Amino acid sequence: MDMCLHATDYAYTVRRFLSGLSWLCALCAVGLGIAHAVSTNGQFSAFLVGASGIFGLGLSVATLVHRTSRVVSAITLISIGSILAAQHVHTMETSLSQRMSEELLYGVSQLVLALGLIYVVRSRWGSRTQQVTADGLIVGIGAWLISWVVLVRPSIASSTASVLTTSRGVTVALAVLVVFLLALLVFSDSAPSPASAMLGLAVGLNIVAVVLRAISNRGDSPINITTVQAPLVMAVALTGAGLLHASSRQITSPGVQRISPPLMTRLISTTSALLIPVVIVSLTDPDGTQDRIVRTASVAVLAVAAMARIIQSVRANSRTQSQLIRNALTDSLTGLPNRILMLEHIDEAVQHSWQSGHLPTVLFIDVDRFKNINDSLGHSTGDDVLTHVARRLLAAIPEGATVGRIAGDEFVVLDPSTQSSTQSVLLAERVLDAFRDPVPTSEGDMFVTASIGVAYAPKGVMLTADELMRHADTAMYRAKDAGRNCIALFDDSMIDTVTKRLEVETALYRALERNELLLVHQPIVDVELGVVVGFEALMRWNRGDGDVVPPNEFIPIAEETGTIVPLGSWAINDALQQLRRWIDTSVVSPSTTMSVNVSPRQLHDPQFVTVVSDALRQSGVAPDQLWLEVTESVMITEPTQALQSLQRLNALGVRIAIDDFGTGYSSLSLLQQFPIQCIKIDRAFVQNIEREAGTRSIVKTIIAMASTLNADIVAEGVEDAQQMSILADMKCQRVQGYFISKPVAVEDVPSAVAKIEESDLWSRPFKK
Ligand code: C2E
Ligand code: MG
Ligand code: MG
C-alpha cells in the first residue's frame with residue numbers, strides 16, 4: 001500500500017516536472033524562431049538544430065514516459081522528419097530533381113499532417129458535428145481561394161517546369177486541407193489541453209511557413225529562406241514542447257467538454273474566410289480561362305457552403321425555439337400539456353361555450369397516497385406510476401377532450417363538449433374506472449386509486465379558466481375527505497368549507513408556539529385490581545375563545561400538512577413529563593403507563609426515534625411505561641417504513657399498541673410481522689357487545705389472538721356496567737371508557753384517580 005503510494009507520488013512529481021519543462025521549451029521555441037529570423041546566415045542554422053533537439057527530447061519522453069498514442073508519435077516524427085529533410089535538401093545543389101525531392105518532402109509532411117489530424121479529429125469529435133464541419137469547410141474553401149489567387153496561380157503563371165509547379169500546388173492544396181482539419185479541432189466542443197494547444201500552434205506555424213514559401217517561390221517577393229524557416233524552427237521546437245507535456249497522453253481522447261462552444265472564434269473565422277477571398281477575388285483580375293474557371297468554381301462552392309450553413313443555422317434555431325415552447329407548455333415526464341397550456345385550453349372552451357351552449361367540464365384528478373409510493377418505492381417507481389396513469393387517462397377520455405398534468409400527482413381533464421352535469425359526472429366515472437386495473441411497475445403490480453373533483457361552467461355564469469380549475473380542485477378535496485377513490489361534484493357551499501379549512505391550517509401552524517395545545521388524559525383501569533394502570537393522552541386545541549377543538553377536526557389536517565410531526569413530538573414530551581409528576585407525587589403507582597397516539601407521518605420522520613428516546617431520558621420514565629398507539633392503516637399503507645421505525649422503538653424498550661383494532665383491514669400475516677405488545681379493541685365492538693352474539697364472538701377471537709401473540713388487550717369506549725361485565729368475563733383485563741372516566745384535564749387527574757379507585761364499581765359481580 002505504502003509502496004503504491006510512493007510510486008504514484010513519484011510518477012506525479014515526474015509529470016509535474018516534465019510539464020513545467022514543456023512550458024520552458026515552448027518559450028525556447030519562440031526564442032529560437034525569432035533568433036533564426038534575425039540571423040543572417042539562414043540555411044541549416046544552429047537554431048534549427050536546437051529546435052530538432054527539443055523535438056527529439058519531446059518525442060522520447062512522450063513515447064517512453066507519457067506513453068502517448070503511437071499514431072501521434074509516428075505522425076509527428078514523419079512530418080517533422082520530412083520538413084527537416086527538406087531543409088537539408090534545400091542547402092544542397094539546386095538542381096531540378098533536388099527541388100522536386102524537396103517539394104515531395106514538403107508534400108509528404110502536409111499529407112501526413114492531414115492524415116494525423118483526421119485521426120485526432122475523429123477521436124476528439126464532440127456533438128454539433130454538422131455545424132462544425134460546415135464552418136470548417138467554409139474556412140478550408142476560403143483558404144483555398146486565397147491560396148489559389150495569391151500563391152498557386154501566380155507560380156503556375158511564372159513557372160516553366162510544370163511538374164514542379166503542380167507538386168507545389170498539391171502541397172498548398174494539402175496545406176488547405178490541414179487548415180480545414182485544424183479549424184475542425186479549434187471549433188470542436190473539447191477544450192484544448194496545453195499539449196494539444198502547443199501542437200495546434202505548431203501546425204498553424206507550419207501553414208504559415210507553407211504560405212511564406214509559396215510566396216517566395218513566386219519569385220516576385222523579397223521573402224528569403226530565413227523568413228520561411230523561422231516559423232518552421234518554432235513549429236519543430238513547439239511540437240517537442242507539446243509532446244513533453246503530460247497532457248500529450250490524452251491528445252486523442254475526447255477531452256474536457258467546453259462549457260460554452262467557441263462560437264466567437266467560429267464566427268470570426270468563418271466571416272473572414274468568406275470576406276477576405278471575396279475581396280481578393282474582386283480586387284484582382286482573372287488571368288486566363290483556367291483562372292476564371294477555378295475562381296468561379298471556388299466562389300460557387302464557397303457560396304453553397306455558406307448557404308448550407310445558414311439554412312442549417314436557421315433550422316437549428318427554429319428547432320430550439322419550438323423545443324423551448326414545447327418545454328414551457330408541456331410536462332417533460334408524460335408529454336402532456338402543463339398547467340399553463342391547460343388553462344389556455346379551458347379558457348378557449350369557456351369562451352366558446354357561450355356560442356355553442358355547451359357546459360365544459362373540468363376534472364381535477366389527484367392520485368391517492370402518491371407520496372407514499374414515492375417515499376417507500378422510490379421516485380422512479382413513482383414516475384412509472386405517473387406515466388401509466390397519463391396513458392390510462394388518455395385512453396379513457398372521449399374524442400375532443402384533453403388531459404394535462406399540472407403538478408406532481410395532479411392531472412386535469414377538460415371536455416369542452418359536455419352539455420349537462422350528468423354528462424360531467426359520467427365522464428368522471430369513466431375516468432375513475434380507468435384506475436380499476438393494477439398498474440404494472442418495476443416493483444410489481446400496484447393498485448392505484450384517485451380522487452376526482454368535477455366542475456363545469458354553468459350556463460349564464462362567466463367563469464374564468466382559473467376559477468373553473470379551482471372549483472374542480474375544491475371538489476377534489478371533498479372527494480379526498482369522503483375517503484378517497486371517489487368523485488365529488490363541485491357546489492358553491494364547498495368554497496366556505498375550503499376557506500374554513502385554510503384558516504384552520506394557518507392557525508394550526510401557530511398553535512404550538514402560542515401554547516394553544518393541551519393534553520387531556522383518560523385513565524385505563526385494570527378490571528381485576530380496580531386500579532388505574534395507565535392513561536391515554538388525547539390532544540385538544542384551545543383556540544383562545546373558549547372554543548376547544550376536538551382532535552378529529554384538526555389531527556387529519558395536521559397529518560396532511562405535516563404539522564403533526566412537531567405536534568406529536570410535543571405530545572410525547574408533555575405526556576411523559578406529566579406522568580413523571582404524578583408518579584413523584586404518588587398520585588399513581590410507579591409502574592403506571594402512558595399511551596400516546598402516533599400518526600403514520602411521524603413514523604416517517606427520521607428524527608422520530610431520537611425524539612422518543614430524548615423524551616424518555618428527560619422525564620426519567622422507563623421505556624416500557626410508554627405505549628405508542630398506531631392504527632392498523634400504518635401496517636397496510638406503508639409496511640416497510642413503519643416496520644423499521646417500530647422495530648427501532650421496540651429495541652429501545654418502548655411498547656407498541658394497535659389502536660382501533662378491527663376497523664381496518666390488516667391481515668393476520670401483517671400482524672405477525674409487526675412488533676405488537678398490545679391490541680386495543682375498537683369502541684364499535686364494545687358498543688354492540690351486549691346485543692349482538694356475533695360481535696361477542698369477534699371480541700372473543702381478538703382476545704384469544706392477542707394472547708397467542710403474547711400481547712396485552714385493552715377495550716376502548718366502555719360506557720356501561722354491562723359492557724364491562726361481559727368484557728371481564730372474556731378475560732379482557734384492561735378497559736377505558738366514559739363509564740370509568742372521560743378524558744380529564746391534567747389538574748383533575750388526581751381526583752379522578754381517587755374517585756375511580758375508591759368507587760364501589762369493583763365490588764360488583766363482574767369483579768373476579
Ligand atoms: P383514539 O386514539 O381511538 O382515542 C379514543 C377516543 O375515544 C378519544 O376521542 C376518546 O375521548 C374517545 N372515547 C374514550 N372513551 C369513550 C367512550 O366511552 N365513549 C365514546 N363515545 N368515546 C370515547 P378523542 O379524544 O376525540 O380522539 C379521537 C382520536 O384522535 C383518537 O382516537 C386518536 O386517533 C386521535 N388523537 C387524539 N390525540 C392524538 C394525538 O396526540 N396524536 C395523534 N396522532 N392522534 C390523536
Ligand atoms: Mg388511541
Ligand atoms: Mg382508539
Side-chain angles (χ1 to χ4, degrees), residues 508 511-512 516-525 532 534-542 548-579 593-605 608 611-612 615 626-634 642 645 655-664 676-690 712-724 727 732 734-746 748 752 756 761:
L508 200 52
L512 199 55
E516 291 177 350
L517 293 166
L518 54 118
L519 293 177
V520 289
H521 298 267
Q522 186 172 38
I524 299 172
V525 292
V532 173
F535 294 95
E536 175 169 6
L538 295 156
M539 207 184 284
R540 299 288 181 266
W541 180 14
N542 187 347
V548 176
V549 190
N552 52 358
E553 280 183 27
F554 68 90
I555 296 279
I557 299 176
E559 280 174 350
E560 220 162 276
T561 53
T563 333
I564 193 68
V565 173
L567 294 195
S569 305
W570 165 82
I572 292 172
N573 265 298
D574 196 73
L576 289 178
Q577 295 290 348
Q578 201 49 61
L579 179 64
T593 62
M594 178 57 80
S595 302
V596 186
N597 294 285
V598 169
S599 293
R601 193 75 184 250
Q602 287 170 270
L603 295 178
H604 272 241
D605 176 28
F608 186 62
V611 165
V612 173
L626 174 62
W627 290 85
L628 295 180
E629 296 191 2
V630 294
T631 52
E632 280 171 281
S633 62
V634 163
S645 299
R655 301 182 167 214
I656 311 295
I658 290 287
D659 206 353
D660 307 341
F661 188 79
T663 55
I676 295 160
Q677 288 83 39
C678 177
I679 289 177
K680 295 189 81 174
I681 304 173
D682 192 64
R683 201 175 72 220
F685 296 105
V686 176
Q687 264 173 356
N688 299 329
I689 209 164
E690 306 138 273
D712 277 331
I713 192 114
V714 177
E716 293 184 292
V718 176
E719 290 184 350
D720 57 44
Q722 218 187 337
Q723 289 168 355
M724 190 147 86
L727 286 162
C732 172
R734 291 167 190 219
V735 293
Q736 145 188 23
Y738 291 175
F739 180 60
I740 296 124
S741 166
K742 286 201 167 186
V744 289
V746 167
D748 298 333
I756 293 167
L761 277 177

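Note that the numbering runs from 1 along the sequence shown for the chain. Every number for a ligand or one of its atoms is a count from 1 in the order of the listing. Keep in mind it's a predicted model, so treat the numbers as computed, not measured.
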Short question: side chain of [X], backbone of [Y] - any donor-acceptor pair under 3.5 Å?
| X | Y | result |
| --- | --- | --- |
| Ser595 | Glu536 | no |
| Gln677 | Ile656 | yes |
| Gln602 | Ser599 | yes |
| Glu553 | Val549 | no |
| Glu632 | Gly662 | yes |

(message) Before moving on, can you tell me the angle at the Mg ion (ligand 2) between the OE1 atom of Glu629 and the OD1 atom of Asn597, to the nearest 10 degrees?
(response)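 Seen from the Mg ion (ligand 2), OE1 and OD1 are separated by roughly 90°.
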Can you find an N/O atom of [X] closer than 3.5 Å to an N/O atom of ligand 1?
| X | value |
| --- | --- |
| Met539 | yes |
| Gln736 | no |
| Glu559 | no |
| Glu716 | yes |

(request) Starting at CG of Leu567, measure out to CE of Met539 and round the result to the nearest 0.5 Å. (result)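 With rounding to 0.5 Å, CG (Leu567) is 5.5 Å from CE (Met539).
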(request) Report the distance from atom CD of Glu629 to atom CG of Asn597, rounding to the nearest 0.5 Å. (result)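 Result: 4.5 Å between the selected atoms.
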[X] near ligand 1, heavy-atom distance under 4.0 Å?
| X | value |
| --- | --- |
| Lys680 | no |
| Gly568 | no |
| Lys742 | no |

Measuring only between side-chain heavy atoms, which start at C-beta, is [X] closer than 4.5 Å to [Y]?
| X | Y | value |
| --- | --- | --- |
| Gln522 | Leu538 | yes |
| Trp541 | Leu508 | yes |
| Ile555 | Ile564 | yes |

(request) Output the atom name for the N/O/S atom of Glu536 with the smallest distance to the Mg ion (ligand 2). (result)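 Nearest to the Mg ion (ligand 2) within Glu536's N, O and S set: OE2.
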Residue [X] vicinity, atoms of ligand 1 by number, heavy atom under 4.0 Å:
| X | result |
| --- | --- |
| Gly737 | 15 (N), 18 (O) |
| Ser599 | 44 (N) |
| Glu719 | 17 (C), 18 (O), 19 (N), 20 (C), 21 (N) |

Classify the contact between [X] and ligand 1 as side chain, backbone, both or neither, using a heavy-atom distance cut-off of under 4.0 Å.
| X | result |
| --- | --- |
| Pro743 | side chain |
| Asn597 | both |
| Val718 | backbone |
| Gln522 | side chain |
| Arg683 | side chain |

(message) Going by side chain to side chain contact (heavy atoms under 4.5 Å, CB included), Cys678 matches just one of Asp712, Ile713, Leu628. Which one?
(response)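 Among Asp712, Ile713, Leu628, the one that satisfies the side chain to side chain contact (heavy atoms under 4.5 Å, CB included) with Cys678 is Asp712.
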(message) Between Glu560 and Arg601, does any NZ, NE, NH1 or NH2 come within less than 4.0 Å of an OD or OE carboxylate oxygen?
(response)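 No, no charged N to carboxylate O under 4.0 Å.
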(message) Using 2.8 Å as the threshold, say whether any N, O or S atom from Asp659 sits that close to the Mg ion (ligand 2).
(response)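 Here the distance criterion (N, O or S atom, under 2.8 Å) is met by Asp659, so yes.
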(message) Judged on heavy-atom distance to atom 31 (C) of ligand 1, which of Leu538, Asp720, Val735 sits nearest?
(response)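 When every heavy atom of Leu538, Asp720, Val735 is considered, Leu538 comes closest to atom 31 (C) of ligand 1.
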